[in-house]
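Indexing begins at 1, ligand by ligand and atom by atom, following the structure's order. A quick note: this is a predicted structure, and the numbers were derived from the prediction, not measured. Throughout, residue positions are numbered sequentially from 1 according to the sequence presented.
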Amino acid sequence: MTTARPAKKPIIRHVVSINDLTNKEIEQIFEVAQAYLDELADKSLPYRIGCGTTLGAKSILATLFYEPSTRTRLSFESAMLRLGGENITSADPNTSSAAKGESLADSVRVISNYADIIVIRHPKDGAARLAADYSTVPVINGGDGSHEHPTQTLCDLFTLKTKKKTLRNLSVAIAGDLKGSRTVHSFVYALARFGAHIAPRPAPGMDLPAHVDKRLREEFRCTIDPNGPFGALYCTPDEPHQPTLFAEPEFKIVGGKPTIGAVYVTRFQKERWSNKDQTYPTVDAEFLKQPEFSHASVLHPLPRVGELDVSVDSDSRAIYFQQAAYGVPIRMALISLLLGLRKGKSLHRFEGGFEGARVPPYDQPGNEGLQCSNPNCIVHDPSERPYVRNKFQLIKLSSPPRQKLRCAYCETDVEDFVIASKKNKWFTPDMASFLRINGENFRDFLAFSSASEAENAGFHLRKHFAPQPGLQRAKARARGG
Ligand code: NCD
């Protein structure tokens, strides 16, 4: 008699961060988006999908939006309808069970039985990752707090690729609220990955968040050149294995001076700032007269609320409405690949993403020990508290060698912490020795944000770790023992 084997649990592919996708997968999404444009675009407007297919017939997309949206929700819904599928939507938390206090985790557990794929937008950083943890179908992040907005980045890159042919060595100025804008955060990682240079032009006090800036430099191999032709400029080193998608160099020299290839304008994200009366620069026809912008395509994720003057609309460099139109073919492509609607093409076979599988080695239940320091992280939301875990990824940096922890939800880093043994009641700030002895098994250990926190929780400082046995032997040999 043969025993039935348990069904293999399928890998569910979620897109929460742009880094959940490899460069190759981004290329694949663009190929499929281009195929939809070739097959289904309006003859007179090549960037507008004008008819549909039946590839996605009987598939259901749920749009679960806890924050206002025009482009993201409607282009996702349009994409699903063009694929021949159906949409169910919760566009306003005041009219769903969220108004009765239902947690996001429970809502997603329920909705993943009603739909084949879910797009979520939420005001809290990390909410989409929490949703993914509780979903049995793919979750796409439609924007979570000021964390990320990966599908906007897919639209941005696709627009740039179509217009500029290449991203490699292209200098992209990013203007406005670089701190609060989630579109910018996904975008800068992607720019760095494809070999573009980033020229930040923040509004006063609205620079990139420190953890994004550090991550660009420490993990995406960007260097900052303060004397670069555009002021502070992040340059990505030349790497022979850079993907070929954006192959030809675009760095133009005009009259001996390099020019900016694109300027990406963002609005002041007032909803994420307590001081709403801050000065905010405007990009207008006058601004674009500066010689460095003579060849700059102008992008904006939209909506604009005054920071991008309407006088720019008639300028041939303005491509933001085209960028918004690409939301449909890009999202058609993403849905198709996540649901495997096109023969032989799917994303759900791959595990991990650009940075490999994201398995948090530190994963503890309850309220004990280290908590994420970001006050807007979903882990601090009282309704989600019973559903979240204290989960952190271990990030190992090489120069200088050190380790840090990254919140598995909102990706804010913890640079300083101590690690304690529950069994032995000691703690140490010496993470390197800890890892050497325990490997990356954090199961019996608790992290604390400081020594005093660990002491208050009843742990004592372990002064010295026993030296490595191999090291002891080597030292003995060196002494002639
Ligand atoms: C962006 C968003 O919601 O983050 N909008 C969009 O999806 N196109 C940008 C913004 O609101 O400023």
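- Evaluated for a salt bridge (Lys or Arg N to Asp or Glu O under 4.0 Å) with E411, the options R406, K404, R215 yield exactly one hit, R215.
- Atom-to-atom distance recorded for D20:CG and F354:CZ is 12.0 Å, nearest 0.5 angstrom.
- With a heavy-atom cut-off of 4.0 Å, E67 does not touch ligand 1 at all.
- The cationic atom of R331 (NZ for Lys, CZ for Arg) lies less than 6.0 Å from the six-membered ring centre of F76 and within 45° of the ring axis.
- Considering each of R272, H149, H185, the one bringing a non-hydrogen atom nearest atom 7 (O) of ligand 1 is H149.
- Counting the atoms of ligand 1 from 1 in the order shown, those under 4.0 Å from a heavy atom of R182 are 2 (C), 3 (O), 4 (O).
- By the 6.0 Å and 45° rule, R317 does not stack over the aromatic ring of F293.
- Within a 6.0 Å radius of CZ in F321, other residues, nucleotides and ligands contribute more than 12 heavy atoms.
- Which parts of ligand 1 touch P301 is read off a 4.0 Å heavy-atom cut-off, strictly below it: atoms 8 (N).
- Between Y280 and F268, the ring planes are parallel. Angles under 30° get that label, and only those over 60° would be called perpendicular.
- Under the 4.0 angstrom criterion for non-hydrogen atoms, T183 is in contact with ligand 1.
- By the 6.0 Å contact criterion, CG on N275 is enclosed, its count of non-hydrogen atoms from other residues, nucleotides or ligands being greater than 12.
- Which parts of ligand 1 touch T72 is read off a 4.0 Å heavy-atom cut-off, strictly below it: atoms 6 (C), 7 (O).
- With a 4.0 Å cut-off on non-hydrogen atoms, L302 touches ligand 1 through its backbone and not its side chain.
- Considering backbone and side-chain atoms alike, P303 places every N or O at 3.5 Å or more from each N or O of ligand 1.
- Counting the atoms of ligand 1 from 1 in the order shown, those under 4.0 Å from a heavy atom of R267 are 10 (C), 11 (O), 12 (O).
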